[in-house]
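Both counts, for ligands and for their atoms, begin at 1 and track the order of listing. In this chain, numbering begins with 1 at the start of the sequence shown.
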Amino acid sequence: MKRIPTIADMKAACRQATRSGKTLGFVPTMGALHEGHLSLVRAAKARCDVTAVSIFVNPLQFAPTEDLDKYPRPLERDAGMLEQLGVDLLFLPTVDEMHPPGAQTHVQVNELSTKLDGASRPGHFRGVATVVTKLFEIVRPDCAFFGQKDAAQVAVLRKLVNDLDMDVEIVVCPIVREEDGLAMSSRNIYLTPEQRQQSLVLHRALMRVQTLADQGERSAARLIEVGMQVIAEEPAARLDYFAVVDPNTLDPVADVTHGSLVAVAAYFGTTRLIDNILLT
Ligand code: PAF
């Protein structure tokens, strides 16, 4: 695995890798890798000839009050895991390399960026869209792999790629969960053992909603009511949103259909966790 810190070298390595017609799969990450990320890497390796991963904690997507400084950065551990999986190229740019002082250009997917997580994290998706646009231009992958856990991010990035006619296929991989149901996230390590137990309420609420939908309940309002009741049973959970939306537009739906997105975000202490299901 080649470790590459500069944009110029990463461009050269990616162009070289695809010169003979090989396909390039790309997994952008912020590091602190867990099984969720590794599942994306495995999917990329299964689908493409060459696999590139980036680790870059992108300051543009953090608000000043958020956890940029304390975000975990276990670089050697991450690199070891990627090496073992057989990743070919690991892009490790610095902040100055990606966002040099004086840069003025941002990419914003207007409406979608204000919904779900975008509503509670203003500017977050502008930061994500900007860095992902830059990464796509540097790597020029055939396919890029993202986790379904970040459902709103997926909607924003699909729209970005479509609106800007980018030649990259967005591949979305299922949420990977701990045995007890908690969706894997780099932020889970912030949880105290007590909060770790409390956080299970998110999965419980989603499962209750799925069961009700399986039993024929079609009213999104009723599903939201029940989901919120389950969350309320855990007083330590501070709910941010519980929503039933169209997964592409992120607009609320009145009646659920196959594929409606049920999404939840809540704080446990200062840690904000998200989770979702696509109704079957
Ligand atoms: O999902 C993430 O880890 C980040 O938002 C991404 C896509 C790597 C952009 O910084």
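Distance from atom 3 (O) of ligand 1 to its nearest protein heavy atom, with residue and atom name: Met30 CG, 3.7 Å. If you check which protein heavy atom lies closest to atom 4 (C) of ligand 1, you get Gln61 NE2, 3.6 Å. Ranking protein heavy atoms by distance to atom 1 (O) of ligand 1, first place goes to Gln153 NE2, 2.9 Å.
Applying the 4.0 Å criterion to heavy atoms of Val131 picks out, from ligand 1, the atoms 9 (C), 10 (O).
Phe26 and Phe136 have perpendicular rings, their planes meeting at more than 60° on a 0 to 90° scale where under 30° would count as parallel.
In the displayed structure, Glu225 atom CD is contacted under 6.0 Å by more than 12 heavy atoms of other residues, nucleotides or ligands. Heavy atoms of other residues, nucleotides or ligands lying less than 6.0 angstrom from CE of Met228 number 12 at most.
Qualifying salt bridge (charged side-chain N to carboxylate O under 4.0 Å, His left out) partners for Asp67, counting only residues two or more places apart in sequence or in other chains: Arg187.
Annotation: side chain to side chain donor-acceptor pair (under 3.5 Å) contacts involving residues 86-98, sequence neighbours excluded, are absent.
With a 4.0 Å cut-off on non-hydrogen atoms, Thr29 touches ligand 1 through its backbone and not its side chain.
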